[in-house]
Trainee: 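Structure provided below as structure tokens; questions to follow.
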Amino acid sequence: MLAPESAGGLALDLAGAAEILRAAGEHVAPEPLLAVAGLAALLLTRLDSAPAAALLEELVAGRSLPALAWQESAGDLSDVPLDCGCEPGPAGAMLLQGEKLMVLPGRAASGWLVSARGDDDTVLLWVPRGTEGVTETLVPLVDGEQAATLRFDRVALPASAVLAQGPSARHALRHALSAGQILQAAELLGTGQAMLQQTLAYLRTRTQFGQPIGSFQALQHRAVDMFIHLEIARATLDEVLALASDRAGLTIERLEAEASRVNARCTAAALQASRSAVQLHGAIGYTQECDLSLFYKRTLRLSAWLGNVTAHQRRHAALAEGTARGNETVAWPGEFPRTADWREMPESEFRRMVRAFLQQRYPDHLRYLSHRARWSEMRDWYLTLSAQGWIAPAWPQAHGGMGLPADKMIAWIEELEQYGVARAPDQGIVMIGPLLIQHGTPEQQQRFLPRILAGDHVWCQGYSEPNAGSDLAGLRTEALQARDAEGDHFVVNGKKIWTTLAQDANHIFMLVRTDKEAKKQEGISFLLCDLRTPAITIRPIHTLAGEPEFCEVFFEKVRVPAENLVGRLHGGWTIAKALLGFERIFLGSPKQRSTRWASWSGWRGRGGCSRTRCSCSAIRPSGSTSPTCRPPTRASPTL
Ligand SMILES: Cc1cc2nc3c(=O)[nH]c(=O)nc-3n(C[C@H](O)[C@H](O)[C@H](O)COP(=O)(O)OP(=O)(O)OC[C@H]3O[C@@H](n4cnc5c(N)ncnc54)[C@H](O)[C@@H]3O)c2cc1C
């Protein structure tokens, strides 16, 4: 697209190429267009040397896929190589030493265009695949792509490997990177626009409450928000492309600033669109069964490559870096108090105590997890808090909680979040526990609350059904009253869906229909059920991150003792709403501002919390690291 006609290319200007990249984004095209036909071609067309021209011809002919290897440290937008250097070697050869990150395409590249530190300025080198001394480590990316981390260990290169050096090399590299960032913005705009279209189609077809959900104003507003962000991004792109086409008038510094402006704008708009799209699709949007997941992952990958929003905003606005906080060691003399008059304790002392406790007791490998933690991972930490008497910070002390007042509760949440403490399966602590304290019988409180505190009972929430999501009152799982020699009980038949971590739980609280004749809301009851009861089947569902975070739960004539009814028979709707109150307070808490998925069941019902914010653009498979994404919460807990 960008190569001159003399090299067999189309000689498109940046605006033409941007339109192709936008279309590629709209279709999540798998080809390494941006990496090769964008970045590598942009660089080679600007180099005035025979080896560069030859390589460009190979690229245009499709015989070579050169990959640009420029970045040396995560989040760094600088084109100046610090680590990678080359020096004269024996017999006129050059010796290359150093490391490069996030090189795309990974495995497919036929060689690398490497920027290195020469004697007194940047040198651009061509290193064909297979050259001795090059080690390639492939890093799987969230969209199925691979990036390479390259290690050059005294790699001997002939003089012909030098494509350019000095100011012209540096200038070409800066130009290629900026133009590449503009093209990337176009691709992100394409993914964002595609997600908006898919979402609009879904809003017109999915029915709840007997009508298409798109007829509700709240959803229309969110769709309009998506549209507005994308339109602003499109307008910015048009403006920057017009500026960039005026080659003579634009300095490289201005091009870099404009590239950062449009990149930050389009990335933010695409991320906003992707989060809204997932939310407006409800739970299905969160799964990999929905096509949206492909667009979402591509958006995440693009948003974290060639600099993320923050890096570009910083470069554009030339802001100073924020100061990191939270990693200094905090001293706490003596034992940590199990209980105290927390109201009287100064907040600074309370925070110091919590921070010191976390530093001493919270396992390092569980900080800033990139996935929803499982019970097997968090059990020990849960028991540590339980032994300390701190597992239920919001419960009254009379029921075994800490009884924190509101200000200390916020401090508690912020400290845990700042330290990167993962969320343990806690539906016992934040949902059913508080509910039983308010609505349970004394017997139910005695039976269940201590077991929640001790970690013996792990709970999950059985509300949603395939056709009863937002329209929860439409649920059909049925519980019939019965009596036998062992006493009064219910017989439950039906299916629940999207049940978070049901496979880790041993109890479920659920809504069931106990009167089919009554008005929808008046025929529902609230039951507690031991998941180890026979005839219950749990089938995990994989989220778009590929993790079995939620499940389907099937009930076939399952026996639930009558004493497990909470509230009055057919009075479950009141209880359900009370529980959603706890859930919404939890979802609206400051902790969720920097949690990847604040979405979790807060989508339910009119007026439910609709906030989803993601502080990290690079979702990655468990255990892997994304070089361009640092845990933002270390520097700023509420990014
Ligand atoms: C990660 C995750 C974990 C979950 N865990 C659980 C769990 O443990 N237990 C459980 O029972 N359920 C769980 N859910 C399910 C959740 O409660 C439902 O997703 C939710 O009730 C929405 O239902 P739905 O997915 O069918 O979306 P739909 O009802 O199809 O709604 C689609 C979108 O439209 C919006 N919407 C619909 N109607 C309206 C309206 N009238 N006004 C405004 N907005 C509206 C919704 O908010 C949503 O954004 C989970 C969901 C997710 C994503």
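Each ligand, and each atom within it, is numbered from 1 in the order the structure gives. Just so it is clear, the structure is predicted and the values come from calculations on it, not from any experiment. Side chains included, hydrogens not; waters and symmetry mates left out as well; all remaining heavy atoms used. Counting from 1, the numbers follow the sequence of the chain as shown.
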Trainee: Regarding ligand 1, does E549 bring an N or O atom to under 3.5 Å of one of the ligand's N or O atoms?
Mentor: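 By distance alone, the answer is no.
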Trainee: With heavy-atom distances below 4.0 Å as the criterion, list the atoms of ligand 1 near A218.
Mentor: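 So the answer, numbered in order with elements, is 43 (C).
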Trainee: With only distance considered, is Y202 within less than 3.5 Å of ligand 1 through an N or O on each side?
Mentor: no
Trainee: Any non-hydrogen side-chain atom of Q197 less than 4.5 Å from a side-chain atom of L200?
Mentor: yes
Trainee: Should we count CZ of F227 as having more than 12 external heavy atoms under 6.0 Å?
Mentor: no
Trainee: Please identify which atoms of ligand 1 are closer than 4.0 Å to at least one heavy atom of Y463.
Mentor: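 Per the distance check, 10 (C), 11 (O).
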Trainee: Per the salt bridge (Lys or Arg N to Asp or Glu O under 4.0 Å) rule, what does the pair list look like for residues 452-465, sequence neighbours excluded?
Mentor: E465-K496
Trainee: For ligand 1, find out whether one of its N or O atoms is nearer than 3.5 Å to an N or O atom of G462.
Mentor: no
Trainee: Should S464 be counted as touching ligand 1, given the test is an N or O pair under 3.5 Å?
Mentor: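 Such a contact does occur with ligand 1.
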Trainee: With a heavy-atom distance limit of 4.0 Å, tell me whether F216 approaches ligand 1 through its side chain, its backbone, both, or neither.
Mentor: side chain
Trainee: Quick check: does T500 get an N/O under 3.5 Å from an N/O on ligand 1?
Mentor: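 Between T500 and ligand 1 (N or O atoms, distance only) the closest approach is under 3.5 Å.
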Trainee: Between H457 and F448, how do the two ring planes meet: parallel, tilted or perpendicular, split at 30° and 60°?
Mentor: tilted
Trainee: Considering only heavy atoms of G282, which atoms of ligand 1 have at least one such atom less than 4.0 Å away?
Mentor: 25 (O), 27 (O), 32 (C)
Trainee: Less than 3.5 Å between some nitrogen or oxygen of Q461 and one of ligand 1, yes or no?
Mentor: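 Such a contact does occur with ligand 1.
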Trainee: Suppose we screen for side-chain contact (heavy atoms from CB on, under 4.5 Å). Which residues come up paired with P30, at least two apart in sequence or across chains?
Mentor: none
Trainee: Please work out whether the ring planes of W390 and W412 are parallel, tilted or perpendicular, with thresholds of 30° and 60°.
Mentor: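 W390 vs W412 ring planes: perpendicular.
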Trainee: Tell me the nearest of L219, T287, I541, N467 to atom 45 (C) of ligand 1, using heavy-atom distances.
Mentor: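 The option holding the nearest heavy atom is L219.
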Trainee: In terms of ring plane angle, is the pair Y202 and H281 parallel, tilted or perpendicular, where the classes change at 30° and 60°?
Mentor: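 Parallel: the ring planes of Y202 and H281 meet at under 30°.
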Trainee: Looking only at distance, does Q279 have an N or O less than 3.5 Å from an N or O of ligand 1?
Mentor: yes
Trainee: Carefully, step by step, assess E289 and I541 under the rule side chain to side chain contact (heavy atoms under 4.5 Å, CB included).
Mentor: CA-CA 9 Å; E289 285 158 41; I541 303 171; 3.9 Å; yes
